[in-house]
Participant: 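One structure, pasted below without further comment.
As the structure lists them, so they are numbered: ligands from 1, and atoms in each ligand from 1.
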Amino acid sequence: MDSQEWPVPVVPVQYLSESGLTEIPANYVKPPSERPRAVSFLDGPEQGLEIPVIDLGGLVGDSGERQATMQAIWDASKEWGFFQVVNHGVSLDLVERMTKVWKEFFHLPMEEKKAYANSPKTYEGYGSRLGVEKDAILDWTDYFFFHLYPDSEKNLEKWPLRPEILRGTTEEYGRELVKVCGVLLKVLSVGLGLDEGYLQKMFGGDDIGACMRVGLYPKCPQPELTLGLSPHSDYGGLTVLLADERVKGLQIRKGDVWVPVQSAPGAFTVNVGDQIQVISNSVYRSVEHRVIANSSEERLSLAFFYNPRGDLPIGPAPELVTPHHPPLYPTIMFGEYRWYVRKLGLHGKLALESLKAM
Ligand code: OGA
Ligand code: NI
């Protein structure tokens with residue numbers, strides 16, 4: 001298939017939402033087995049399960065605190081693939097400015113946003129779908145996607161011009177999040193018994209990749225029939241999500257249960273992506289998650305993806321491979337895997353499973 005253009009014209013979900021329709025179009029209606037269960041998130045934590053909340057301040061405490069904090073990160077990355085971090089060093093002021101500028105962007109006139117319409121070639125810009133399958137049932141979300149690093153992939157011309165402070169604020173946010181991810185990669189490396197710089201080096205050292213998907217989940221008249229975002233694992237390295245504390249929606253898969261995430265104030269939700277599952281030879285897990293739509297409030301989320309550079313080969317770390325632990329994945333270029341996922345769209349852990357056969 002030629003995947004340079006979308007298979008059918010893209011209609012922004014925000015446009016549908018604001019048009020005041022009372023029933024969602026048929027191409028957003030999921031088959032019954034894929035719909036959210038009505039009670040699954042509105043009632044708060046199901047079965048008392050909640051992803052761990054970790055205070056990163058412990059990493060600069062005494063050695064006991066440091067050890068306990070690292071252990072909490074290792075355990076969460078193995079058991080959940082997800083955790084929240086507080087005391088992460090990114091100022092609340094920056095977090096609030098970042099949220100505000102992107103909300104403002106999404107409330108510009110539709111014509112102005114459409115000038116940034118993206119294509120499946122790079123996904124950069126304003127869009128509403130993931131994957132190029134023609135008859136796919138779509139998700140109830142719009143997004144803006146762009147690269148921050150490496151410099152060779154960053155294309156400022158594709159970033160919104162308005163609001164005026166958006167570009168500078170977003171660059172500042174990117175620099176801060178790179179620091180947070182650098183710290184987390186060190187901790188994760190040590191947890192594998194590797195040198196603390198190991199994962200960073202595999203990702204490209206000082207020249208890593210990073211991109212963002214700012215997601216808008218407009219109000220949905222029939223949230224029980226669709227999803228804000230279909231189940232998927234993240235294809236990259238680490239994801240740091242800033243989600244609205246007031247509007248829930250993210251759910252993490254824990255066995256057969258979907259566990260809702262209630263963002264702690266000022267917290268980031270961090271998750272392990274497919275590349276870290278691959279390098280760790282499945283010690284750390286890249287876990288499926290999804291987003292529920294809702295009828296009462298619009299939701300904004302900012303996902304920062306910290307990735308290997310596209311031209312680097314990624315496979316299980318040779319140090320972790322033994323006769324008892326054979327490599328579970330082949331080594332392929334990150335850019336090649338990314339391309340594969342982008343064509344496929346969001347299908348649980350299908351991409352990672354397919355990698356075994358590549
Ligand atoms: C993603 C994602 C969750 C959210 O962009 O990969 O899972 O809450 N986002 O928007
Ligand atoms: Ni995701």
Participant: For Tyr143, state whether at least one heavy atom is located under 4.0 Å from any atom of ligand 1.
Facilitator: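 For ligand 1, residue contact (heavy atoms, under 4.0 Å) with Tyr143 is absent.
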Participant: Can you tell me which residue and heavy atom of the protein come closest to atom 9 (N) of ligand 1, and the distance to 0.1 Å?
Facilitator: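 For atom 9 (N) of ligand 1, the nearest protein heavy atom is Leu229 CD2, 3.7 Å.
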Participant: To which of Pro231, Gly215, Ala303, Ser301 does the heavy atom nearest atom 10 (O) of ligand 1 belong?
Facilitator: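 Comparing heavy atoms across Pro231, Gly215, Ala303, Ser301, the nearest one to atom 10 (O) of ligand 1 lies in Ser301.
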Participant: I need the contact type for Arg299 against ligand 1. Using non-hydrogen atoms and a strict under-4.0 Å cut-off, is it side chain, backbone, both or neither?
Facilitator: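 Arg299 to ligand 1: side-chain contact only, backbone stays beyond 4.0 Å.
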Participant: Any side-chain donor paired with an acceptor under 3.5 Å for Asp142 and Tyr15?
Facilitator: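 Judged by distance alone, the side chains do not pair up.
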Participant: Just wondering, do Leu188 and Leu238 contact through their side chains at under 4.5 Å, heavy atoms?
Facilitator: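 They are in side-chain contact.
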Participant: Would you call the rings of Trp102 and Phe106 parallel, tilted or perpendicular if under 30° counts as parallel and over 60° as perpendicular?
Facilitator: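 Tilted: the ring planes of Trp102 and Phe106 meet at 30° to 60°.
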Participant: With a heavy-atom distance limit of 4.0 Å, tell me whether Thr141 approaches ligand 1 through its side chain, its backbone, both, or neither.
Facilitator: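 For Thr141, no heavy atom sits under 4.0 Å from ligand 1.
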Participant: Which one of Val13, Ile292, Leu227 satisfies the side chain to side chain contact (heavy atoms under 4.5 Å, CB included) criterion with Trp140?
Facilitator: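 Among Val13, Ile292, Leu227, the one that satisfies the side chain to side chain contact (heavy atoms under 4.5 Å, CB included) with Trp140 is Val13.
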Participant: Backbone N or O of Pro313 within a donor-acceptor pair of the Glu336 side chain at under 3.5 Å?
Facilitator: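 Answer holds: no.
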Participant: Could you check whether Trp339 and Tyr123 have their ring centres less than 6.0 Å apart?
Facilitator: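 Distance test on ring centres: not under 6.0 Å, no.
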Participant: For the pair Glu319 and Tyr198, evaluate side-chain hydrogen bond (donor to acceptor under 3.5 Å, both in side chains) and give the outcome as yes or no after the intermediate values.
Facilitator: CA-CA 11 Å; Glu319 291 82 348; Tyr198 194 98; 2.7 Å; yes
Participant: Can you list the atoms of ligand 1 that are under 4.0 Å from a heavy atom of Arg213?
Facilitator: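 So the answer, numbered in order with elements, is 5 (O).
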Participant: Give a yes/no verdict on whether any heavy atom in Arg290 is under 4.0 Å from an atom of ligand 1.
Facilitator: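 Per 4.0 Å heavy-atom rule, Arg290 does not contact ligand 1.
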Participant: For the Ni ion (ligand 2), report each protein N, O or S atom nearer than 2.8 Å, sorted by chain and then by residue number.
Facilitator: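 Metal shell, protein only: His232 NE2, Asp234 OD1, His289 NE2.
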Participant: Between the side chains of Asp93 and Ser91, does any donor sit under 3.5 Å from an acceptor?
Facilitator: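 Asp93 vs Ser91: no donor-acceptor pair found between side chains.
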Participant: What are the atoms of ligand 1, with element, lying closer than 4.0 Å to any heavy atom of Asp234?
Facilitator: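 The list of qualifying atoms is 6 (O).
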Participant: Please work out which of Leu216, Val291, Val261, Thr239 has its closest non-hydrogen atom nearest to atom 3 (C) of ligand 1.
Facilitator: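 Answer by nearest heavy atom: Val291.
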Participant: To the nearest 0.5 angstrom, please state how far the CZ atom of Arg167 sits from the CH2 atom of Trp159.
Facilitator: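 Result: 8.5 Å between the selected atoms.
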Participant: Would Leu320 and His325 count as a side-chain contact (heavy atoms from CB on, under 4.5 Å) here? Give the steps.
Facilitator: CA-CA 7 Å; Leu320 303 178; His325 297 279; over 6 Å; no
Participant: Give the contacting part of Phe305 toward ligand 1: side chain, backbone, both or neither, where contact means a heavy-atom distance below 4.0 Å.
Facilitator: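 It is the side chain that touches ligand 1; the backbone stays farther off.
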Participant: Decide if the gap between the ring center of His347 and the ring center of His232 is smaller than 6.0 angstrom.
Facilitator: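 Not close enough - the centres of the two rings lie 6.0 Å or further apart.
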